[in-house]
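Only one structure is covered here, and it is reproduced in the block below.
For ligands, and for the atoms within them, numbers begin at 1 and follow the listed sequence.
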Amino acid sequence: MTEKWRLLDTGVLTGAENMALDDVVLECRDQGKTPNTLRFLQFSPPTVLVGYHQSVRQEVRIDYCKRNGVDINRRITGGGAILFTPTCLGWEIYADKTASGIGDLKRDLDRLARRICNGAVAGLRRLGVNAEFRPKNDIEVNGRKISGTGGTERGTSFMYQGTLLVDFDVDLMLRTLRIPVEKLKDKEVESVKQRVTCLKWELGYVPPLEDIKSAVAEGFAEVLGVKFEAEGLYPCEKRLFEERLPHFQSDDWVYMIEPPEDTQGQVTAVRKTPGGLIRVSLALNVPGNFIVNSFITGDFQIFPQRAVMDLEARLKNLPADDESIAQAVRNFFEETGARIFGVEPEDLIELIYEAVKKKAFAVLDVTLEEANHLMTVNFMPDEILSQHFDYLLLPYCAKLVDCDYRKAEGCTMCGACSIGDLYELADELHIPVRTIQSYEHLIETIEEFKAKGARGYVGSCCEGFYNKHHDDFVNTGVPALLIDIDDSTCYELGEEQEAYLGNFEGQTTLKKELMIRIIRALHERGRIGGVNLH
Ligand code: SF4
């Protein structure tokens, strides 16, 4: 017989009310007091929701939201920050892990995400939209995202949710989320529009909300092989909701995750993985060589949700050596059965190593705070003095916008931009230097120097470029020490495609003083230059 599930439409609520209900409906489902459920939800006023592991201060333009009546809240699920306007429809599946259409997948997150998303896909197709599942967890229409999804679990049950864009306010999204765009130019709005879509843009009209809900419910019924029956909240849910709502309205919940203000003794490593961006920040006791505290944030999804806090607790007061770190992380995942979508425990171990080892840059007269602006490729920071760097690569975007050399090699050292002093230093120390014009030019230049026998290079690029091209850098096989750029970069302005082609029109500034100090320190130790590469 076809399994019966509840169809729960909680209508239009505030962010806190909706987040409290997420928690309550999942809790009651786990306690076996309520049936498996498909819930529809909407928000008013517009609400920015950060992922469970994200910091509001890092992700949201708080002042803008406060001034313009946009609510801020925190989801009980991982993933990235989203804006939920009244023209978005949320759908959520709450079910026992052994439920119909689900049970065979409970340990395989990828297949579970695919199965559930295919329910929403089937619903969208009923509306005439050519939707498809895009691994790991998006639903797209001709390459543009229409629904982002994610989930969490509690005991024997799980919740999996998605946001369906019915109509979409790009402008409000750019103003509320810290997608690092400085000025709202048409070009930036356009670039978002190339990546995202909504029902209105696909169909040319907004179908009645009831038709959308019916189609989505029919899609889930078909894919999960269940039958829905409309029902309201159960008394146990109503009671628990009243009890828990104040918590979800409180700053303790919304601002629960905040990076420590004091960055003294703190080292950070960040990496984009297939499962999302992970940022590991560690407070280190350098003389004692142990981790005082750790702070792991990002838009990844971890199951169960509390696993991040538990992992952070395991890292507390841990000796900061490779063996202790690897053992603690591996044991943690083995013992708890925690899983991160698209991220292996080894990726986390590498990131923690990288952060811890940044203290080794002290040999170059670099403080811990400054070390966070350094990135290494094909070697770990504690191997810095066994590397040799033979040339210097600088980005064209740091040259003056109207300089004749902006799109050409060279510099007259006129002093009008931060590049000049680096050219001067390279000249003094006889280090070959090149201005990199585009991604292709970077790879060509690395290959050219490699063929001439160079062993490594010092370069400058922004964290966004490094994260995006991390694997490409590694694949060249060449060791590199990269120093972050000082201010807004093409990545922050959403113009990376222009920069990729060498057409970025903004100007960046090198961390000139830090670069000069490092290059001089490497030179004094015979670690840079000295090879004839001409
Ligand atoms: S210092 Fe060099 S790159 Fe900068 S504006 Fe002058 S000539 Fe151009």
Exercise. For Ser55 and Arg57, does a side-chain donor sit closer than 3.5 Å to a side-chain acceptor?
Worked result: no

Exercise. Would Glu370 and Lys511 pass as an ion pair if we require N to O under 4.0 Å?
Worked result: no

Exercise. Tell me, which protein N/O/S atoms are under 2.8 Å away from atom 4 (Fe) of ligand 1?
Worked result: Cys417 SG

Exercise. Between Asn475 and Asp471, is there a donor-acceptor pair closer than 3.5 Å when you use the side chain of the first and the backbone of the second?
Worked result: yes

Going by atom type alone, with no hydrogens or angles, which donor-acceptor pairs under 3.5 Å involve a side-chain atom of residues 64-72 and a protein atom two or more places apart or on another chain?
unit_1 : atom_1 : unit_2 : atom_2 : d
Asn68  : ND2    : Tyr64  : O      : 2.8

Problem set entry | Salt bridge Glu428-Arg520, side-chain N to carboxylate O under 4.0 Å | yes

Exercise. Is there a donor-acceptor pair under 3.5 Å between the side chain of Tyr255 and the backbone N or O of Val56?
Worked result: no

